[in-house]
**Q** 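Let me begin by handing over the structure; questions about it come next.
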Amino acid sequence: MSTELPKTYEPASVEATAYQTWLDAKAFHADPADPGESFCIVIPPPNVTGALHLGHAINNTLQDILVRKARMDGHNAVWIPGIDHAGIATQAVVEKQLKEIENKTRHDIGREALVQRIWEWKQQYGDRILSQLQRLGCSCDWDRTRFTLDDMCARAVRETFFKLFKDGLIFRGKRLVNWDTHLQTSISDDEIYYENVKTFLWHIKYPIVEGTEGKSDEATKRRSDEGGRTPSPTLPQGGGSGSIPSPLGVGEGGGRPDHLVVATTRPETMLGDTAVAVNSADPRWNWAIGKFVKLPLTNRLIPIIADDILVDPKFGTGCVKVTPAHDPNDYAVWQRHQGKADQIDLINILNSDGTLNENAGTYKGMRRDLGRKKVVEDLTHQGLLVKEEPYETQVGHSDRSKTAIEPYLSDQWFVHMAPLAEPALEVVRQGLVKFHPERHAQQYLAWLGEKRDWPISRQLWWGHRIPIWSKEFGTRAEATTIMQEMSKSFECENNAARLHESDGRYFVLVCLGDDTCGDLVTGKISTILERDGFIQDPDVLDTWFSSALWPHSTLGWPEKTPDLAKWNPTTVLITARDIITLWVARMVMMNLYNMGENRWTSQTAEEAKTKISDRKSEIIRHIPFAHVAINPTILDGKGERMSKSKGNGVDPVEIIDTHGADALRFTLTTMATETQDVRLPVKKLPDGRNTSDKFDFGRNFCNKLWNASRFALANLESACPLLNQQSTINLADLSLADRWLLSRLARTVAEANAALASFRFDHYAHVCYEFFWRDFCDWYVEIVKPTLKDPRQAAITAPVLAAALDQSLRLMHPVIPFITETIWWKLNDVVTDRSLPGLVNAPAAKLLIKAAWPTPSASLIDDRVEKDFTLLQETIVAIRNVRNEHKVDLKRVVQVTIAAIDEPSAKILLANQQTIALLATCELQAVKVAAPAPADAVRTSAGNCDIFIAGMIDADAEKQRVAKRGEDLAKLIATLEGRLGNAGYIAKAPPHLVEQTQKQLADAKAELAKL
RNA sequence: GGGCGAUUAGCUCAGUUGGCUAGAGCGUUCGGAUCACACCCGAAAGGUCGGGGGUUCAAGUCCCUUAUCGCCCACCA
């Protein structure tokens, strides 16, 4: 017997073999020259820092489903795998290791050595991630595995940076960044977490100075130079007598106070204050606008300005100290007032390590917490501290170093977003890029719509080094001259130079797009530059900069490769919703920019809209992907997001060990709904590994498939002679069950197609489950058991069984590839041709992964057949039901008489009486219209046919059963009568519904009457 | 504070444009070692669809409101 298959499906014994077979057959490998419609998915590259968890498992399972389906559809399909170098996260991990094992910092070993160590680390952990994907069954084209820091990606990064620089979209600027004083790097907003900290709100007196004599600060000078205009034209005259009395700082003389009070949680930052802001509509303070205060401890004079955005008069004292260099809101004030009459200064008081610098005067060198203590002490001594009130606030901390972040003014590189964002917004608005579910587009549009400039420099060593060399010159003229000379010697188009002015200093910045196109004699351009005193920027790029290029950089861009021509735009991106902004939006921007012929940008929304409307067919070739499908978030048992940083991630390999890869995949796929996140309680095994009962669902399904296949294979083998002399089978030769099964099969394939086309993975898994377990196993297989033993009947049944199994395996292969592939080989051994000519086409294939997707003839879908079969099912269930209620022994054959409602029903039931007898363990006495009820028989019904079962002796059980049915009917009748009694219903509801209700009522009444 | 989502059986979730006596799996109860499968088979119990309004002939489904939970964004000196 060919079914030496074990009774229970053992994933471990087949998975490795199947996977190796696919690899050996190069089944994952794609060639752009091959025929077939392009289908491409690029993997969301997992961070090299961590092992994969179940969140990755669901994401990659869904991708694998689509790519396997596409392959079976005959598309030229490729799935590009890869890993992200994850800048700060990776460097932090290796630095931590360095500290723990060797007690060294990165400065001890230097840039090159550290980067070398990170590469070693990457090798080890990157391989682990790839092997996890392989255990999961991912059919990635491993020959095309990329790393965001490899040479191919680096080339794309340099080229992109260069183009952006040349187009003026990259600029250098001083910005307030989130500064990690420990790692001494800027970090992005998403790398910050907030902690509640109990501190104080200190209220500090700032004395008001009448007049402006004695002031010497720049801002005042500038204002004087500009003619001493009134700072705030909206200032109402004679304020101060307003109805709100000032509780604080009322001076002895007159009605006006001689000082104002500000409140702060960070008193040490007052050393960098450059203004005090009030609301122009606040009568308590608006009279003071334009005056000055003497900043305590430093004795600098700083202006009182109006800023209605910053200051909420209802909050606190109504006066806000402004420290532009150390607070994001205050920085915004500085920006708002730049170039205006009341522009203010910007003073940085911190060093990059978080200590106070020379601008902090006598506090220089102190750490920020010490400085704070000292400032409070000194203010207290001077009697300027009004109040110290307990206060709880949230302080941002670095995700990596766990230390408090500091808003810090620093030189950074930025990408100017607006011109890139407009086209990216428009392609989504116009539906060239579609989100699934659609609502996620909102987040994308909202975020991108802000067009906030993108800070791309990171003070790290691990990453793409910024391809800029710079040198300072004494004067603008000198710098300009050098620029001109350089432009002569730079024949190559791939380099650009620009003059940069900062704080009155002049720099020449040179961006090298392609360092290799220098003079062949003198060598690389960078070498020449460095010889001339230019130095390369020490910073590296934000990881997202390289990730943003992923859909084209992985395919070889900027080279015009066959891969790129074939597979970009890619077909669909599947990702988690938390990186819609950081990643998805940027990919859309950069693909449009890089792949568009003329590095297209748009200054206005209108311009973008017009261009895209007019040239849709062209633009559609420049998007990175046509669809973005968002997969659910995996939560742990407590409902918290599974993530590496939280440490609650579960390794999919542990689940695969206990349940099998297919069970994991199938279960996760049923959970991939559009709305719900997936809550996955896990439990610890004695050996410390995790597992979860949730995956029993998938494991059971696989086991069912395994055993149904064992049954089918054993029976097909014995029917083999019949199969090989197979003659054409006509629909008319088939039994009701055969035709029903084929109808259900065809319907299921259609539903699966629709589900996958709309990224409803849960629907796909669901229809597979229903068809295979419920229809195929529970009904069809049970019905054909005796048929298969009769050679005459088996001549029809066996081919149908073989075809149905063949199609089922194809249908389910994308979600459960290992088990279906393994069974496929066995099926190939037993029956070579499973086609039913004209009905089911089943082209032979050695490997299922390369087989054709099922395409049973649509004409097989037959509502009439399905309805007739339902009558058969209901009849059987009704008899089983009564048997169970009466506790009839399973083996006891009961006598049944069926009084059919009409001739067609009688005909169906009569034709299938053997099936009824078999599945309901009964003997049919009579099946005909209006058959008389035998004496002492219990009555039940199905499809309005009366079913009489003789020999039921449990009177109590019967009484109960009848009573319950009577109650149900009474309820139903009341509902239906109510509906029909409603004049509106009769008048307005569609006639077929009214008719249906009337019929239901009549049937219910008739049944009740018979009870 | 703004945006999005969720709330349906003990648990985890489906429920397509409003039109069923609201479904599934697990769990529970009853019956079963039947020769594909006990990771199984047959059957049953279990829900006024978070609360309150409204629209409609008809609401789990649409609108308003409210409560609770989750996520994203912006964050109060």
Side-chain angles (χ1 to χ4, degrees), chain A residues 3 5 7-9 189-190 194 201 262-266 277 310-312 314-323 327-330 391 393-394 437 439-440 442-443 446-447 450 577-578 580-581 633 635 639-641 659 663 667 670-671 673-681 693-694 696-715 754 758 760 762-763 766 769-770 774 777-778 781-782 785 877 880-885 887-891 919-921 968-969 971-972 975-976 979 982-990 992-994 996-997 1000 1004:
Chain A
T3 53
L5 303 174
K7 255 177 89 165
T8 301
Y9 173 56
D189 291 344
D190 54 291
Y194 289 87
L201 196 58
V262 299
T264 180
T265 54
R266 304 205 42 200
L310 178 73
V311 186
D312 174 4
K314 293 192 288 292
F315 190 89
T317 62
C319 303
V320 183
K321 65 192 273 301
V322 181
T323 323
D327 182 280
N329 290 310
D330 295 358
Y391 193 77
T393 186
Q394 290 198 319
R439 69 185 129 89
H440 290 296
Q442 287 177 46
Q443 200 184 331
W447 184 83
E450 290 181 26
R577 64 172 178 268
D578 55 337
I580 288 173
T581 54
T633 305
L635 312 174
E640 291 187 27
R641 196 181 128 74
H659 287 76
T667 308
T670 60
M671 291 170 160
T673 67
E674 283 198 325
T675 50
Q676 291 289 96
D677 285 337
V678 176
R679 192 179 275 228
L680 267 180
D693 297 341
K694 287 280 162 217
D696 291 358
F697 176 72
R699 182 199 58 189
N700 295 353
F701 183 67
C702 289
N703 194 55
K704 190 70 180 176
L705 169 60
W706 186 255
N707 276 291
S709 302
R710 283 176 67 215
F711 169 85
L713 289 168
N715 282 278
S758 57
R760 285 308 303 262
D762 57 325
H763 286 176
H766 182 75
Y769 181 95
E770 284 296 312
R774 305 274 84 100
C777 293
D778 288 355
V781 166
E782 292 306 322
K785 273 179 179 171
V877 167
R880 282 174 175 172
N881 189 332
V882 171
R883 294 179 54 109
N884 265 300
E885 294 284 337
K887 302 204 188 309
V888 174
D889 187 278
L890 268 186
K891 294 195 178 73
L919 298 188
T921 324
D968 290 349
L969 284 171
K971 258 189 234 166
L972 178 60
T975 307
L976 296 174
R979 193 174 300 164
N982 184 336
Y985 181 68
I986 305 292
K988 295 192 182 177
H992 74 273
L993 285 173
V994 177
Q996 181 189 309
T997 309
Q1000 283 173 336

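Chain letters run A, B, ... following the sequence lines, proteins first, then strands; residues in each count from 1.
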**Q** Looking at A38(B), which nucleotide sits across from it as a Watson-Crick or G-U wobble partner, both distances under 3.5 angstrom, or is there none?
**A**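 Per the H-bond distance test, none.
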
**Q** Is the distance from OP1 or OP2 of C39(B) to the nearest side-chain N or O of Arg699(A) less than 4.0 Å?
**A**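 It does not, given that no N or O in the side chain of Arg699(A) lies less than 4.0 Å from OP1 or OP2 of C39(B).
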
**Q** Might you list the N or O atoms of the protein lying below 3.5 Å from N or O atoms in nucleotides 16-22 of chain B, with each pair's distance?
**A**
unit_1: U21(B); atom_1: OP2; unit_2: Arg979(A); atom_2: NH2; d: 2.5

**Q** Look at all strands and tell whether Arg266(A) reaches a base, only sugar-phosphate, or nothing, counting heavy atoms closer than 4.0 Å.
**A**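 Contact class for Arg266(A): none.
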
**Q** Applying the Watson-Crick and G-U wobble criteria at under 3.5 Å, what pairs with C71(B)? Answer none if nothing qualifies.
**A**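 In the structure as shown, C71(B) has G3(B) as its Watson-Crick or wobble partner.
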
**Q** Take atom C1' in A59(B) and the same atom in G19(B), then report the distance between them in whole Å.
**A**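 It comes out at 10 Å once rounded to the nearest Å.
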
**Q** Work out how far the C1' atom of G3(B) is from that of A14(B), and round it to whole angstrom.
**A**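 My reading of the C1' atoms in G3(B) and A14(B) gives 27 Å.
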
**Q** Please name all residues satisfying ring-ring contact (aromatic ring centres under 6.0 Å, His included) with Tyr9(A), sequence neighbours left out, ordered by chain then number.
**A**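 In terms of ring-ring contact (aromatic ring centres under 6.0 Å, His included), with neighbours along the sequence ignored, Tyr9(A) is linked to Trp706(A).
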
**Q** With no hydrogens and no angle check, is any side-chain donor or acceptor of Arg710(A) less than 3.5 Å from a backbone partner on Leu705(A)?
**A**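 Here the side-chain-to-backbone pair does not exist.
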
**Q** Checking base pairs now: Watson-Crick or wobble, both atom distances under 3.5 Å. What partners G46(B)?
**A**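 Across all strands, not a single nucleotide pairs with G46(B).
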
**Q** Just to verify, what does Val320(A) make a side chain to side chain contact (heavy atoms under 4.5 Å, CB included) with, not counting sequence neighbours?
**A**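 By the side chain to side chain contact (heavy atoms under 4.5 Å, CB included) rule, Val320(A) matches Leu310(A), Val311(A).
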
**Q** Which nucleotide wins on minimum distance to the side chain of Asn703(A), given the candidates C37(B), C72(B), A77(B)?
**A**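 The nucleotide sitting nearest to the side chain is C37(B).
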
**Q** Would you indicate what Glu782(A) reaches in the nucleic acid, counting non-hydrogen atoms under 4.0 angstrom: base, sugar-phosphate, or nothing?
**A**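 Since a base atom lies under 4.0 Å of Glu782(A), the category is base.
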
**Q** Give, for atom OG1 of Thr921(A) and atom NZ of Lys891(A), the distance between the pair rounded to the nearest 0.5 Å.
**A**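 Reported value, rounded in 0.5 Å steps: 10.5 Å.
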
**Q** Over all strands shown, is Cys777(A) touching base, sugar-phosphate only, or nothing at heavy-atom distances under 4.0 angstrom?
**A**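 The residue Cys777(A) makes base contact.
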
**Q** Record whether the side chain of Glu450(A) comes under 3.5 Å of the base of A74(B) through a donor-acceptor pair of N or O atoms.
**A**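 Absent.
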
**Q** Measure the distance from OH on Tyr9(A) to C1' on C39(B) and round it to the nearest whole Å.
**A**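 Whole-Å distance recorded here is 13 Å.
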
**Q** Check side chain to side chain contact (heavy atoms under 4.5 Å, CB included) between Leu972(A) and all other residues, then give those that pass, not counting sequence neighbours.
**A**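 With sequence neighbours excluded, Leu972(A) shows a side chain to side chain contact (heavy atoms under 4.5 Å, CB included) to Leu976(A), Ala1004(A), given in chain and number order.
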
**Q** Base, sugar-phosphate alone, or nothing: which one does Asn881(A) contact when heavy atoms must sit under 4.0 Å apart?
**A**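 Contact class for Asn881(A): sugar-phosphate only.
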
**Q** Could you check whether Thr673(A) gets within reach of a base, just the sugar-phosphate, or nothing at all, counting any heavy atom under 4.0 Å?
**A**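 Sugar-phosphate: the residue Thr673(A), judged by heavy atoms under 4.0 Å, touches backbone atoms but no base.
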
**Q** Find the distance Asp762(A):CG to G23(B):C1' and express it as a whole number of Å.
**A**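 After rounding, the reported distance stands at 14 Å.
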
**Q** Using atom CZ of Phe701(A) as one end and atom P of A38(B) as the other, report the distance to the nearest whole Å.
**A**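 Rounded to the whole Å, the gap is 17 Å.
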
**Q** Could you tell me whether the side chain of Arg266(A) and the main chain of Asp327(A) form a donor-acceptor pair under 3.5 Å?
**A**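 A pair under 3.5 Å: no.
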
**Q** Using atom P in both nucleotides, what's the gap between U28(B) and G10(B) to the nearest angstrom?
**A**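 That atom pair is separated by 15 Å.
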
**Q** What nucleic acid atoms does Gly318(A) come within less than 4.0 Å of, heavy atoms only: base, sugar-phosphate, or nothing?
**A**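 It contacts base atoms.
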
**Q** Where the side chain of Arg710(A) is concerned, which of A14(B), C37(B), A44(B) is the nearest nucleotide?
**A**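 Nearest nucleotide to the side chain: C37(B).
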
**Q** Just name whichever nucleotide pairs with U61(B), Watson-Crick or G-U, keeping both distances under 3.5 Å, else none.
**A**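 Looking at the geometry, U61(B) pairs with no nucleotide.
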
**Q** Met671(A) has an atom CE; how far is it from atom P of C13(B), in whole Å?
**A**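 Roughly 7 Å, once rounded to whole Å.
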
**Q** Rounded to whole Å, please give me the gap between CG in Leu705(A) and C1' in C40(B).
**A**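 My rounded result for the distance is 15 Å.
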
**Q** Rounded to whole angstroms, how far apart are NZ on Lys7(A) and P on U34(B)?
**A**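 About 10 Å, once rounded to whole Å.
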
**Q** Distance check, P atoms only: G51(B) and G47(B), in whole angstrom units.
**A**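 G51(B) and G47(B) have their P atoms separated by 15 Å.
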
**Q** On RNA chain B, nearest-nucleotide positions of Val877(A) versus Glu770(A): which is more 5'?
**A**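 By nearest-heavy-atom nucleotide position, the 5'-most residue is Glu770(A).
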
**Q** Give the rounded distance in Å between these two atoms: CG of Asn707(A) and C1' of C37(B).
**A**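 It works out to 3 Å between those atoms.
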
**Q** Extract from the structure each pairing of a protein N or O with an N or O of nucleotides 25-32 of chain B at less than 3.5 Å, listing the distance.
**A**
unit_1: G25(B); atom_1: OP1; unit_2: Arg774(A); atom_2: NH1; d: 3.1

**Q** Atom CG in Asp778(A), atom CG in Leu919(A): separation rounded to 0.5 Å?
**A**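 Spacing of CG (Asp778(A)) from CG (Leu919(A)) equals 10.5 Å.
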
**Q** Under a 3.5 Å limit for both distances, which nucleotide forms a Watson-Crick or G-U wobble pair with A14(B), could you say?
**A**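 When the pairing criteria are applied, nothing turns out to pair with A14(B), so the answer is none.
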
**Q** Tell me whether Thr667(A) contacts the main-chain N or O of Gly698(A) through its side chain, where contact means a donor paired with an acceptor under 3.5 Å.
**A**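 Yes.
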
**Q** When the P atoms of U21(B) and U8(B) are compared, how many Å lie between them, rounded to an integer?
**A**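 Each nucleotide's P atom is 22 Å from the other's.
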
**Q** Take atom NZ of Lys704(A) and atom C1' of A24(B), then tell me their distance rounded to the nearest Å.
**A**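 One finds 16 Å between C1' of A24(B) and NZ of Lys704(A), rounded.
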
**Q** Categorize Ala987(A) for me: base, sugar-phosphate, or nothing, with a 4.0 angstrom heavy-atom threshold over every strand shown.
**A**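 Nothing, no heavy atom under 4.0 Å.
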
**Q** Taking the six-membered ring of Phe711(A) as reference, does the cationic atom of Lys785(A) (NZ for Lys, CZ for Arg) lie under 6.0 Å from its centre and within 45° of its axis?
**A**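 Cation-pi check for Lys785(A) and Phe711(A): passes.
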
**Q** Taking the C1' atom of each, how far is A36(B) from A58(B), in whole Å?
**A**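 Per the computed distance, 48 Å lies between those C1' atoms.
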
**Q** Could you tell me how far C49(B) sits from C20(B) if I compare only their C1' atoms? Round to whole Å.
**A**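 About 15 Å, rounded to a whole number of Å.
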
**Q** Does Ala983(A) or Leu310(A) map to a spot on RNA chain B nearer the 5' end, using the closest nucleotide for each?
**A**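 Whichever sits nearer the 5' end wins; that is Ala983(A).
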
**Q** Distance-only, no hydrogens or angles: does the Asn707(A) side chain make a donor-acceptor pair with backbone N or O of Lys7(A) under 3.5 Å?
**A**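 Yes; judged by distance alone, with no hydrogens or angles, the pair exists.
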
**Q** Are any of the side-chain heavy atoms of Thr264(A) and Thr323(A) separated by less than 4.5 Å?
**A**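 No - every pair of side-chain heavy atoms lies 4.5 Å or more apart.
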
**Q** Which nucleotide, in any strand shown, forms a Watson-Crick or G-U wobble pair with A22(B), with both distances under 3.5 Å?
**A**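 WC or wobble partner does not exist here.
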
**Q** Test Tyr985(A) against Leu993(A) for side chain to side chain contact (heavy atoms under 4.5 Å, CB included), laying out the working first.
**A** CA-CA 9 Å; Tyr985(A) 181 68; Leu993(A) 285 173; 3.8 Å; yes

**Q** Report which part of the nucleic acid Asp778(A) touches: base, sugar-phosphate, or nothing (heavy-atom distance under 4.0 Å, all strands).
**A**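 Sugar-phosphate contact only - Asp778(A) comes under 4.0 Å of backbone atoms but never of a base.
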
**Q** I'd like a table of atom pairs between the protein and nucleotides 3-6 of chain B - only N or O on both sides, under 3.5 Å - with the distance next to each one.
**A**
unit_1: A6(B); atom_1: O3'; unit_2: Gln676(A); atom_2: OE1; d: 3.3
unit_1: A6(B); atom_1: O2'; unit_2: Gln676(A); atom_2: OE1; d: 3.4

**Q** With rounding to the nearest 0.5 Å, note down the distance linking CD in Gln443(A) to CD1 in Ile580(A).
**A**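 The distance works out to 4.5 Å.
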
**Q** Can you tell me how far P in A22(B) sits from the matching atom in A44(B), rounded to whole Å?
**A**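 Result for the P pair: 16 Å, nearest Å.
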
**Q** Kindly indicate whether the side chain of His766(A), heavy atoms from C-beta on, has any atom under 4.5 Å from the side chain of Thr670(A).
**A**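 Contact flag for His766(A)/Thr670(A) side chains = no.
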
**Q** Verify, without hydrogens or angle tests, whether Asn881(A) (side chain) and Val877(A) (backbone) share a donor-acceptor contact under 3.5 angstrom.
**A**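 Not a single qualifying donor-acceptor pair exists.
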
